[in-house]
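For reference, the structure is listed below as C-alpha cells.
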Amino acid sequence: MKAHVPSACPLDCPDLCGLVVTVEDGRVLQVTGDRRGPLTSGFICGKVRKLAHHMYCDDRVLHPQARVGPKGSGQWRQISWDDALDTIAARMAALRARGPRGAEAILPYHYGGSNGWLTEGALADRLFRRLGATRFDRTLCAAAATAATRGLYGMMPGVPLEDYAHAKLIVLWGVNPSATGIHLVPVIERARAAGATLVVIDPRSTPLAHRADLHLALRPGTDLPVALAIIGELFRRGTADREFLAAHATGVAELEARARAWTLEAAAEIAGLAVSDLARFVELYASASPAALRCGWGLERNRNGGSAVAAVLALPAVAGKFGVRGGGYTMSNGDARWGVSSETAVEEPDDEARRIVNMSQLSRALREVQDPAIEMLFVYNCNPAVTAPDQRGVVAQLAREELFVVVHEQVMTDTAMLADIVLPATTFLEHRDVRRGYGSMRMFDSPAVATPVGEARSNNELFGALLAQLGLERPGDARTDAELVAKTFGATPDGEAIAAQLATRGIAEPPNGPNRVMFVDAFPGTPDGKIHLVPPALDAEARAANGVGLYTYQRDPGTDAYPLALISPALATQISSTFGQLRRAPAELELSPADAAARGITTGATVRVFNATAEVVCTARVSPDVRLGVVVLAKGLWRKHTANGFTANALVPDALADLGGQAAYNDARVDVGTVSKLSSMGSVDPE
Ligand SMILES: Nc1nc2c(c(=O)[nH]1)N[C@H]1C(S)=C(S)[C@@H](COP(=O)(O)OP(=O)(O)OC[C@H]3O[C@@H](n4cnc5c(=O)[nH]c(N)nc54)[C@H](O)[C@@H]3O)O[C@H]1N2
Ligand SMILES: Nc1nc2c(c(=O)[nH]1)N[C@H]1C(S)=C(S)[C@@H](COP(=O)(O)OP(=O)(O)OC[C@H]3O[C@@H](n4cnc5c(=O)[nH]c(N)nc54)[C@H](O)[C@@H]3O)O[C@H]1N2
Ligand code: SF4
Ligand SMILES: [Mo]
C-alpha cells in the first residue's frame with residue numbers, strides 16, 4: 001500500500017527541507033517538499049527529488065565485502081556481517097593490546113556529508129574515544145569560517161534566511177545560492193521586487209551575479225584586502241558607526257588601523273577590480289538599511305580565508321547594520337542557541353591529551369605520523385579519495401597494502417574502491433536521524449521510512465555492534481536511537497521543550513524563537529557579550545599559521561609557471577561527491593575566453609590542467625562567466641569523470657588556511673594546455 005510519510009533532508013545544505021516521501025512496501029517511489037519549515041515551501045532540489053535513483057542504483061553497496069585482488073582492483077568476496085565485525089574488532093583489539101597508545105594506530109575519518117546527530121557522532125565517537133584512537137580535526141569545510149565567526153561573535157544566530165525579504169540591500173559574498181541553497185533565491189527575488197539592491201562578490205558570474213545590480217568579480221583569495229579597504233573607507237568617510245562600536249565592540253582602534261592600511265585603489269589593484277566599483281559598494285553599503293550580508297564558503301578556502309571571513313563579518317558592525325530585521329550577516333545559523341548538545345549522549349568525554357590529525361592533511365598523516373604509525377583507517381560519512389586535498393597522495397596511501405582500510409558506505413565510491421572491507425550503509429530514508437539546520441533555524445527528527453536495501457546498517461548499528469564486541473559498553477549507556485535521542489533532549493529543560501515539539505510535528509524551533517533580530521534580541525555569545533573585532537586568540541592563531549597575524553594579506557600563490565587560480569565550487573546536481581555515481585557527463589574545466597584564446601583552447605578540446613604536483617585531463621569549456629586568470633573545475637567529481645582518474649583535488653596543495661586548519665582548496669594554481677592524443681590508458685602526450 002502506498003503511503004505519504006513526512007521526513008527531512010539531512011544533506012549538507014543550509015535549507016534543511018521538510019520532505020514528503022511516497023513509500024510502497026518499504027520502497028521509496030517519490031520524494032517532494034513539505035510546508036512544515038519556513039523555507040521549503042513545498043519544493044525541493046532536483047537531487048533529492050531523484051533520491052530513489054541514488055537508493056536503488058547499481059552502485060549501491062548491498063552486502064559486506066572483503067577485497068580479494070590487489071587494492072583498487074574491484075574484486076570482492078561477499079562476507080557476512082558477523083565475519084566483517086569479527087575481523088575489524090580483532091584488528092582493533094590487537095592494536096589496542098599493544099600498549100597504552102596502541103589504539104592510536106587507528107584513525108577514524110569522517111565528515112558530515114548527510115549526517116545529523118545520530119549518524120555523525122553518537123556511538124562512533126563513543127567507540128573511538130573508548131578505544132583511544134587518534135583524534136581527528138574536521139577541517140574540510142567551514143573550519144576557517146567557524147573560527148572567524150565564533151572569534152568575533154561567539155555563538156550567535158545570524159539573519160534568518162527568510163528575513164532577507166525585509167532587506168533593502170543584499171550582499172552575496174562568496175556564495176552561490178542558485179546551486180547551494182536554492183530556497184534563498186525566491187526570498188531574494190521577493191526583496192528585489194520590493195526594491196532591494198543586489199550585490200554579488202564572486203570571481204564567477206553566478207546566476208545571481210547576472211541579475212545583480214553590482215558584481216565584483218574579484219580574483220580568488222583577495223577578499224581580505226577588499227573587505228579591509230571597504231572598512232578603511234567607511235572610517236575615512238566618517239560613516240563608521242562609532243556609537244555602536246563603542247557600545248558593542250572591542251578592538252575597534254586595532255581594526256581601524258589595520259583596515260586604513262588599505263586604500264580602495266590598492267585593494268582594487270590586487271583584486272583586479274575597478275576602483276569605481278569598490279567605491280560604489282561603499283556608498284551602497286553605507287547608505288542602505290536593512291542590509292543583509294550572506295557570507296558563503298568560497299572565500300574561506302585559501303591562505304587568507306580566515307582573515308577574509310573575519311573582515312567581511314566585521315563590516316555590519318563597522319557600518320552599523322544591526323538592530324533591524326533583515327540587517328546583519330548570515331554565516332552559519334547552526335549557531336542558533338538550542339540549549340542541547342549532541343555530545344550529551346556520547347557518554348565519553350573527548351580526551352584532549354590524545355594526539356590529533358588534521359583531516360585536510362590525510363596523505364601526510366598516513367605517510368608521516370609515527371609512534372604509532374596509522375595502520376587502520378576507518379572511513380564513514382566521507383569520501384576522501386575525491387574530497388580531500390592532495391588526491392594523488394591520498395590515493396597512493398589508501399592503496400598501500402599494509403594500511404587496513406574499512407569503509408562504511410552507501411555506494412561504491414572512489415574511497416570504497418580502495419578499501420579492504422566495505423560495509424553497506426543505510427541512506428537517510430532508511431534510518432532515523434536528528435538534524436538542525438545551518439541556514440534554516442529548525443531541527444527535524446526524521447524516522448526511518450524505507451526498508452534498508454540488502455544488508456545495509458546504520459552507523460549506530462555498526463558502531464554499537466563494535467562497542468559490544470570489543471567489550472567497551474558500560475552499564476547505563478544510551479544505545480538505541482531512541483535512547484540516544486532521549487538522553488540528548490532529556491538533559492536540559494530546553495531539550496525537553498524541543499523534544500515535545502519534535503514529538504508532535506517532527507520539527508522544532510530554537511527555544512527562544514527562530515526569527516530573532518541581531519542586537520535586538522540576539523547578542524554575541526562571547527564571554528563579555530561584545531563583538532571582538534581583533535580577537536587576540538585568532539590573531540595568535542593566524543600568526544602561528546602565516547607568521548604575521550590576523551588581517552595580514554598573504555600574496556597570491558600564483559607563479560609564472562602556474563599563473564591560473566583553480567577554484568572548485570559546488571555542482572547543482574550533487575552535494576560534494578554525493579550522487580556522483582549517477583553523473584554521466586564528463587568533467588569540464590571552465591576558463592575565460594581570453595585565457596582560452598591565449599592557449600589555443602576551444603570548447604570541447606581535451607586539456608591538461610597541471611601544476612608541479614599533478615595533472616588532470618578533461619574537457620574544456622570556454623565561458624564568459626569566468627574571470628580572467630581563473631579556471632573552474634567543480635568539487636565532488638569522481639575519478640571516472642576525468643580521462644586520467646584525477647580531479648581538482650589532485651591539484652590542491654595540502655597547505656592550510658590561516659584559521660581553523662581549514663583546507664585551502666582554492667589556493668591551487670595551475671596552467672592549462674591542449675592535449676594532442678590520449679592513449680586508452682588515459683596517459684597523455686602534452687602538445
Ligand atoms: N547543490 C549543492 N549544494 C550544496 C553543496 C553542493 O556540493 N552542491 N555543498 C554544500 C556544502 S558542503 C557547502 S560547504 C555549501 C557551500 O556553499 P557555497 O559557499 O555557496 O559554495 P561554493 O560553490 O563552494 O562557493 C560559492 C562561491 O564562491 C566563489 N568563490 C571561489 N573562490 C572565491 C574567493 O576567493 N572569493 C569569493 N568571494 N568567492 C569565491 C565560487 O565561484 C562560488 O560561486 O553548499 C552546500 N550546498
Ligand atoms: N576541490 C575541492 N574539494 C572539496 C571542497 C572544495 O571546495 N574544493 N569542499 C569540500 C566541502 S565543502 C566538503 S563539505 C567536503 C565534503 O567531503 P565528504 O564528506 O568526503 O563528501 P561527501 O560527498 O559529502 O561524502 C559523504 C559520503 O558519506 C556517505 N554517507 C552519507 N550518509 C552516510 C551514513 O549515514 N553512513 C555512512 N557510513 N556513510 C554515509 C555518502 O554516501 C558519501 O559518499 O568536501 C570538500 N572537498
Ligand atoms: S539538498 Fe537542500 S534543497 Fe535539496 S532537498 Fe535537501 S535541504 Fe532541500
Ligand atoms: Mo561543505
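In what follows, residues are counted from 1 in the order of the sequence shown. Ligands are counted one by one from 1 in listed order, and the atoms in each one are counted from 1 as well.
Those atoms of ligand 2 that come under 4.0 Å of a heavy atom in Asp12, given as number and element, are 14 (S).
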Distance-only criterion, 3.5 Å: show the donor-acceptor pairs between side-chain atoms of residues 566-574 and protein atoms not counting sequence neighbours.
from	atom 1	to	atom 2	distance (Å)
Gln574	NE2	Ser576	O	2.8
Gln574	NE2	Gly636	O	2.8

Expected list for residues 440-448: side-chain donor-acceptor pairs under 3.5 angstrom, two or more places apart:
from	atom 1	to	atom 2	distance (Å)
Asp445	OD1	Arg432	NE	3.0
Asp445	OD2	Arg432	NH2	2.7
Ser446	OG	Asp433	O	3.4

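The shortest N or O to N or O distance between Thr413 and ligand 2 is not under 3.5 Å.
For Arg294 and Tyr329, the positive end is not near the middle of the six-membered ring at less than 6.0 Å and at most 45° from its axis.
Protein heavy atom in closest approach to atom 36 (N) of ligand 2: Asn459 OD1, 2.6 Å. Counting only heavy atoms of the protein, atom 21 (O) of ligand 2 lies nearest to Thr387 CG2, 3.5 Å. For atom 35 (O) of ligand 2, the nearest non-hydrogen atom of the protein is Asn115 ND2, 2.9 Å.
Close to ligand 2: Ser114, with a non-hydrogen atom less than 4.0 angstrom away. By the 4.0 Å heavy-atom criterion, Val411 is excluded from the residues contacting ligand 2.
Residues passing the side-chain hydrogen bond (donor to acceptor under 3.5 Å, both in side chains) test with Asp658 are Ser307, sequence neighbours excluded.
Under 4.0 Å is where a charged nitrogen must lie from a carboxylate oxygen, and between Arg457 and Glu409 no such pair does.
For a distance threshold of 2.8 Å, the protein N, O or S atoms nearer than that to atom 8 (Fe) of ligand 3, listed by chain and number, are Cys17 SG.
For Arg36, the CZ atom is densely surrounded, since the number of other residues' heavy atoms within 6.0 Å is greater than 12.
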